[in-house]
> 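I am attaching a structure below and will ask some questions about it afterwards.
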Amino acid sequence: MAGLTELLGRPSVEVAPLLLGAVLRHDHPDGPVAVRLTEVEAYAGTQDPGSHGFRGRTERNATMFGPPAHLYVYFVYGMHHCANVVTGPEGECGAVLVRAGEVVEGLELARTRRPPARRDAELAKGPASLCRALGIGPGHDGADLVAGPVTLTPADRPAAQVSTGPRVGLRHAADRPWRFWVTGDPTVSRYVPAKPRPAR
DNA sequence: CCCATGATACTCT
DNA sequence: GAGTATCATGGGG
């Protein structure tokens, strides 16, 4: 499969399924942890009511408007961080949320970051869990995925079987089937619809 | 089912 | 400016 720069620079919806099987790795002083991606979601910027970029560029989402192959890390629900791969094309605010994966290196370190003890398949299940297992935090917003220490290596071959469905937890544009996952993989997170707005 | 927890962005109550 | 609804979640009962 192509290198990272050939893979990115195209619309996020096109890129997202191709990232399944790619390996996101963080070389940290405590040791490396690497995750093989099994679940992602595409966000299409200013054209997508579900995207942080829908209402234009702000201080928070500025990274998504920047060049591809960088990490957009955001803080949500007052306690969690989630990470996206910025895809481009530049100026279009495309990004792919990395939602889940299998820890393929650094299991011990990943476990210490995710107390209490859990099954291996749960270590990076869900976008905030994945960031915790990898030790990705607010300091990694804007990080260059080619330079490291967080790097993304494309899959050798396309995922054998890919399922698609609506994105998790969105109230807006919940109908767009832009969540992609490796069919049947035990590390894929559960689908949770958005909390309905209270009637008025 | 329910809630922790705080930044963000929107509406002026 | 100040007040407030919302939130690309996870863990626990």
Side-chain angles (χ1 to χ4, degrees), chain A residues 11-13 15-17 19-20 24 35 37-66 70-87 92-103 110-143 150 152 163-181 186-200:
Chain A
S12 58
V13 177
V15 172
L19 289 181
L20 296 173
L24 188 62
V35 165
L37 300 180
T38 59
E39 180 190 354
V40 297
E41 283 175 359
Y43 287 85
T46 55
Q47 306 307 305
D48 176 7
S51 169
H52 289 172
F54 183 58
R55 294 169 200 280
R57 181 183 175 131
T58 66
E59 188 174 352
R60 178 206 203 191
N61 65 27
T63 300
M64 280 202 294
F65 287 82
H70 288 244
L71 210 56
Y72 165 53
V73 178
Y74 68 92
F75 183 58
V76 74
Y77 288 112
M79 62 193 94
H80 300 300
H81 291 274
C82 300
N84 294 244
V85 175
V86 176
T87 61
E92 291 201 12
C93 187
V96 175
L97 173 68
V98 290
R99 285 199 55 89
E102 175 195 0
V103 177
R111 285 193 194 107
T112 67
R113 287 175 174 153
R114 299 265 303 120
R118 301 179 142 75
R119 293 202 310 276
D120 289 352
E122 317 256 301
L123 290 173
K125 174 181 284 194
S129 297
L130 185 151
C131 279
R132 271 189 70 104
L134 279 171
I136 289 173
H140 298 284
D141 182 42
V150 180
L152 182 65
S163 297
T164 68
R167 294 171 292 183
V168 175
L170 294 199
R171 280 212 327 216
H172 298 289
D175 54 310
R176 302 188 190 193
W178 290 349
R179 177 179 180 232
F180 303 87
W181 66 94
T187 64
V188 173
S189 74
R190 277 265 238 288
Y191 177 71
V192 183
K195 278 208 307 219
R197 184 198 287 269
R200 54 189 47 164

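The analysis underlying the following values was restricted to heavy atoms, covering all of them including side chains, and did not include hydrogens, waters or symmetry mates. Residue numbers begin at 1 in each chain, while the letters A, B, ... track the order of the sequences. Owing to the predicted nature of the structure, the values given are computational and were not obtained by experimental measurement.
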> Select base, sugar-phosphate, or nothing to describe what Arg60(A) touches, counting heavy atoms under 4.0 Å on all strands.
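Sugar-phosphate: the residue Arg60(A), judged by heavy atoms under 4.0 Å, touches backbone atoms but no base.
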> Return the value, rounded to whole Å, for the distance between atom OH of Tyr74(A) and atom P of dT8(B).
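Going from Tyr74(A) (OH) to dT8(B) (P), I get 14 Å.
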> Remember a base hit wins even if backbone is also touched, and classify Ser189(A) as base, sugar-phosphate or nothing at under 4.0 Å, heavy atoms.
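Nothing, no heavy atom under 4.0 Å.
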> Just checking Tyr74(A) against His52(A), ring centres under 6.0 Å apart?
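Ring centres of His52(A) and Tyr74(A) closer than 6.0 Å.
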> If the C1' atom of dT4(C) is compared with that of dT5(B), how far apart are they to the nearest Å?
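It works out to 15 Å between them.
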> Under the side-chain contact (heavy atoms from CB on, under 4.5 Å) rule, what do Val96(A) and Tyr43(A) come out as? Steps first, then yes or no, please.
CA-CA 6 Å; Val96(A) 175; Tyr43(A) 287 85; over 6 Å; no
> Flag the pair Leu152(A) / Leu37(A) as yes when at least one side-chain heavy-atom distance between them is below 4.5 Å, and no otherwise.
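Of all side-chain heavy-atom pairs linking Leu37(A) with Leu152(A), at least one is under 4.5 Å.
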> Would you indicate, yes or no, if dT9(C) has its OP1 or OP2 atom less than 4.0 angstrom from a side-chain nitrogen or oxygen of Arg132(A)?
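No.
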> CG of Leu170(A) versus C1' of dT6(C): gap in Å, rounded?
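Value for this atom pair: 13 Å.
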> Any donor and acceptor pair, going by atom type alone, linking the side chain of Arg113(A) with main-chain N or O of Ala133(A) inside 3.5 Å?
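Yes, the answer is positive, given that a donor and an acceptor are paired below the 3.5 Å cut-off.
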> How long is the line joining CG of Leu123(A) and P of dG10(C), in whole Å?
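So the CG-P distance, Leu123(A) to dG10(C), works out to 13 Å.
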> Among dT6(C), dA8(C), dG10(C), which nucleotide has an atom closest to any side-chain atom of Ser129(A)?
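So the nucleotide nearest the side chain must be dG10(C).
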> Taking Arg167(A) first and then Glu41(A), would you say they form a salt bridge - that is, a charged N and a carboxylate O separated by under 4.0 Å?
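Judged by the 4.0 Å cut-off on N to carboxylate O distance, Arg167(A) and Glu41(A) do not form a salt bridge.
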> Counting the atoms with a prime plus P, OP1 and OP2 as sugar-phosphate, which does Arg190(A) contact under 4.0 Å by heavy atoms, base, sugar-phosphate, or nothing?
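The answer is nothing, as Arg190(A) stays clear of every strand by at least 4.0 Å.
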> Nearest-Å distance, CZ (Arg171(A)) to C1' (dA8(C))?
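Rounded to whole Å, this separation is 13 Å.
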> For Arg179(A), which contact category applies under a 4.0 Å heavy-atom criterion: base, sugar-phosphate, or nothing?
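The answer is nothing, as Arg179(A) stays clear of every strand by at least 4.0 Å.
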> Once rounded to the nearest 0.5 Å, what's the spacing between atom OG1 of Thr46(A) and atom CZ of Phe54(A)?
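Thr46(A) OG1 to Phe54(A) CZ: 8.5 Å, rounded to 0.5 Å.
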> Nearest whole angstrom, please: distance from the P of dA8(C) to the CG of Asp48(A).
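About 11 Å, once rounded to whole Å.
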> Round to the nearest Å and state the distance from Leu130(A) atom CG to dA8(C) atom P.
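So the two atoms are 17 Å apart, to the nearest Å.
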> Between dA8(C), dT9(C), dT6(C), which nucleotide has the shortest distance from any of its atoms to the side chain of Tyr72(A)?
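Side chain of Tyr72(A) sits closest to dA8(C).
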> Starting at the 5' end of DNA chain C, which residue's closest nucleotide do you reach first, His172(A) or Lys125(A)?
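In this pair, the answer is His172(A).
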> Take the protein atom CZ of Arg114(A) and the nucleotide atom P of dT9(C), then report the distance between them rounded to whole Å.
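It is 14 Å, rounded to the nearest whole Å.
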> Under 4.0 Å between a side-chain N/O of Arg55(A) and OP1 or OP2 of dC10(B), yes or no?
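Indeed, a polar side-chain atom of Arg55(A) lies that close.
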> Where the side chain of Arg99(A) is defined as all heavy atoms beyond and including C-beta, which of dG11(C), dC7(C), dT9(C) is the nearest nucleotide?
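It is dT9(C).
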> If only side-chain N and O atoms count, and only distance matters, is there a donor-acceptor pair under 3.5 Å linking Ser189(A) with Glu39(A)?
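Ser189(A) and Glu39(A) do have a side-chain donor-acceptor pair below 3.5 Å.
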> Kindly give the atom pairs (protein nitrogen or oxygen, nucleotide nitrogen or oxygen) under 3.5 Å for nucleotides 1-5 of chain B.
residue : atom : partner  : partner atom : Å
dT5(B)  : O2   : Tyr77(A) : O            : 2.3

> Is the number of heavy atoms from other residues, nucleotides or ligands under 6.0 Å of Arg118(A) CZ greater than 12?
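Atom CZ in Arg118(A) is packed in, count exceeds 12.
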> Any stems for DNA chain C, made of 3 or more Watson-Crick or G-U pairs in a row, each with both distances under 3.5 Å?
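Runs of three or more consecutive pairs: B:1-4 with C:9-12, B:6-12 with C:1-7.
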> Does OP1 or OP2 of dC7(C) have a side-chain N or O of Arg167(A) closer than 4.0 Å?
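For Arg167(A), the contact criterion (side-chain N or O under 4.0 Å from OP1 or OP2 of dC7(C)) is not met.
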> From dA8(C), dA9(B), dT9(C), pick the nucleotide closest to the side chain of Thr58(A)?
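Given the options dA8(C), dA9(B), dT9(C), the side chain of Thr58(A) is closest to dA9(B).
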> With rounding to the nearest 0.5 Å, note down the distance linking CG in Leu97(A) to CZ in Arg99(A).
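Rounded to the nearest 0.5 Å, the CG-CZ separation comes out at 6.0 Å.
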> When the distance from CZ of Arg57(A) to P of dT8(B) is rounded to whole Å, what number comes out?
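To the nearest whole Å, that distance equals 15 Å.
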> For the CD atom of Gln47(A) and the CZ atom of Arg176(A), what is their distance to the nearest 0.5 Å?
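It is 8.5 Å, given to the nearest 0.5 Å.
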> Return the OG1 to CZ distance between Thr58(A) and Phe65(A), rounded to the nearest 0.5 Å.
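Taking OG1 in Thr58(A) and CZ in Phe65(A), the distance rounds to 7.5 Å.
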> Which nucleotide in the list dG11(C), dA7(B), dA8(C) gets nearest to the side chain of Phe75(A)?
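Nearest to the side chain of Phe75(A) among the choices is dA7(B).
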